[in-house]
Amino acid sequence: MVRTASTMLPLGTKAPDFSLPECDGGTVSLSDLAGKKALLVMFMCNHCPYVKHVADQLKALSDDYMAKGVAVVAISSNDADEYPDDSPEAMSREKVQRGYGFDYLHDADQSIARAYAAACTPDFFLFDADQKLVYRGQLDSSRPGSEIPVTGEDLRAALDAVLAGQAPSSEQRPSLGCNIKWKSGNEPDYFNAAGTS
């Protein structure tokens, strides 16, 4: 595991297109999520301790905001051959056990992670109704082993702003987590093997 921070994709970036298999069957595309008040794309996985640390909040937050007209989707881009805990079958089990109401997609060739410049799990990208990036960064300041409660306050504030027709604060802190488990030779230019201090 390499402790890794978000790349902080430039605000205003149009959501990169995708069409990926859902762990329970079928395919979900970016176009399927159009027409919503906002779009939240989360890069995550099953085995990462940083994701496990916030999993209950991911369910609570997604339930809250999907009910308000926000499209929410999660994508796992980890190398499932090397990390079978992140296979589509394991993703399906995790989705049921956690009670996730969002689609959980598998990015087998890792091209979508690269398109979003996703670097870590979890990594969050919030787009407005026009699918333009308005927030990228942390869920909140809590980390495994910290005494800070998991509230989702940073991402919730950004979501509330978008739903109110306002721009989220431009002061956005990177998410921090395990690096995406790139297939050998598939590491993007922005991958820092030394990690983030």
Side-chain angles (χ1 to χ4, degrees), residues 1-23 26-34 36 38-51 54 58 62 71-92 94-95 100 102-128 130-139 155 158 172-197:
M1 191 262 307
V2 177
R3 179 178 158 111
T4 300
S6 304
T7 61
M8 304 303 277
L9 191 67
L11 296 174
T13 299
K14 188 78 172 173
D17 197 14
F18 61 80
S19 184
L20 293 170
E22 211 280 335
C23 65
T27 300
V28 175
S29 301
L30 180 65
S31 59
D32 297 327
L33 307 173
K36 295 289 189 174
L39 165 65
L40 175 61
V41 179
M42 308 183 292
F43 286 85
M44 54 182 272
C45 66
N46 297 338
H47 85 274
C48 170
Y50 287 83
V51 175
V54 301
L58 296 183
S62 59
V72 179
V73 65
I75 299 173
S76 178
S77 300
N78 279 0
D79 180 354
D81 293 332
E82 290 295 320
Y83 297 86
D85 285 349
D86 294 328
S87 69
E89 296 78 16
M91 290 165 60
S92 181
E94 180 81 354
K95 182 179 175 182
Y100 293 147
F102 47 79
D103 288 319
Y104 197 3
L105 314 182
H106 187 226
D107 176 26
D109 68 4
Q110 305 182 317
S111 62
I112 306 306
R114 293 172 68 101
Y116 280 75
C120 57
T121 54
D123 212 349
F124 302 97
F125 299 83
L126 176 62
F127 300 87
D128 64 14
D130 296 322
Q131 295 189 341
K132 291 185 178 179
L133 187 65
V134 293
Y135 179 85
R136 71 286 191 252
Q138 66 179 14
L139 179 71
L155 184 52
Q172 302 179 8
R173 297 182 59 193
S175 186
L176 194 66
C178 302
N179 63 293
I180 287 176
K181 302 304 185 283
W182 302 103
K183 295 180 179 180
S184 180
N186 209 27
E187 300 87 353
D189 293 343
Y190 58 81
F191 174 60
N192 177 10
T196 303
S197 60

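The structure presented is a predicted model; accordingly, all values stated were derived computationally and were not measured.
- Once rounded to the nearest 0.5 Å, the distance linking NZ of Lys181 with CD of Glu187 reads 12.0 Å.
- Of the possible donor and acceptor atoms, none in the side chain of Asp86 sits under 3.5 Å from a partner among the backbone N and O of Ala80.
- Within the 4.5 Å cutoff, the side chain of Leu33 has heavy atoms near those of the Phe18 side chain.
- Note that the CG atom of Asp109 and the CG atom of Asn186 stand 7.5 Å from one another [nearest 0.5 Å].
- In this structure, His47 NE2 and Cys178 SG are separated by 5.5 Å, a value rounded to the nearest 0.5 Å.
- Sequence neighbours left out, not one pair with a member in residues 7-17 passes side-chain hydrogen bond (donor to acceptor under 3.5 Å, both in side chains).
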task = Decide side-chain contact (heavy atoms from CB on, under 4.5 Å) for Tyr104 and Asn46; before the verdict, give the C-alpha distance in whole Å, the side-chain angles of both, and the deciding distance to 0.1 Å.
result = CA-CA 11 Å; Tyr104 197 3; Asn46 297 338; 2.9 Å; yes
message = Between Met91 and Tyr100, is the side-chain contact (heavy atoms from CB on, under 4.5 Å) condition met? List the steps.
response = CA-CA 11 Å; Met91 290 165 60; Tyr100 293 147; over 6 Å; no
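- Summarising the geometry, atom CE belonging to Met8 is positioned 9.0 Å from atom CG belonging to Leu133; distances are rounded to the nearest 0.5 Å.
- In terms of heavy-atom proximity, Met42 sits nearest to Leu58 at SD-CD2, 4.1 Å.
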Stepwise side-chain contact (heavy atoms from CB on, under 4.5 Å) check, Asp85 with Glu94 = CA-CA 10 Å; Asp85 285 349; Glu94 180 81 354; over 6 Å; no
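- Between the CG atom of Asp103 and the CG atom of Leu20 there is a distance of 10.5 Å, given to the nearest 0.5 Å.
- Residues that satisfy the salt bridge (Lys or Arg N to Asp or Glu O under 4.0 Å) test with Lys95, not counting sequence neighbours, are Glu22, Asp24.
- In plain terms, the two heavy atoms of Ala38 and Leu126 that are nearest each other are CB-CD1, 4.2 Å.
- With sequence neighbours excluded, the residues satisfying ring-ring contact (aromatic ring centres under 6.0 Å, His included) with Phe125 are Phe43, Tyr116.
- The two residues Gly195 and Val2 come nearest to each other via the heavy atoms CA-CG1, 3.1 Å.
- For Ala113 against Asp107, the heavy-atom pair with the smallest separation is N-OD2, 2.9 Å.
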Steps toward side-chain contact (heavy atoms from CB on, under 4.5 Å) verdict (Ile180, Thr121) = CA-CA 6 Å; Ile180 287 176; Thr121 54; 4.3 Å; yes
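- Listed here is the closest heavy atom pair of Leu11 and Tyr135: CD2-N, 3.8 Å.
- Judged by distance alone, the side chain of Gln172 and the main-chain N or O of Val134 form a donor-acceptor pair under 3.5 Å.
- A donor-acceptor pair shorter than 3.5 Å can be found between the side chains of Ser6 and Asp123.
- Residues Asn78 and Ser76 bring no donor and acceptor atom of their side chains to less than 3.5 Å of each other.
- Residue Asp79 holds its CG atom at 5.5 Å from NZ of Lys183, rounded to the nearest 0.5 Å.
- With hydrogens and angles disregarded, a donor-acceptor distance shorter than 3.5 Å links the side chain of Ser175 to the backbone of Pro122.
- A donor-acceptor contact shorter than 3.5 Å is absent between the side chain of Asp130 and the backbone of Lys132.
- Closest heavy-atom contact between Thr27 and Asp32: O-OD2, 4.0 Å.
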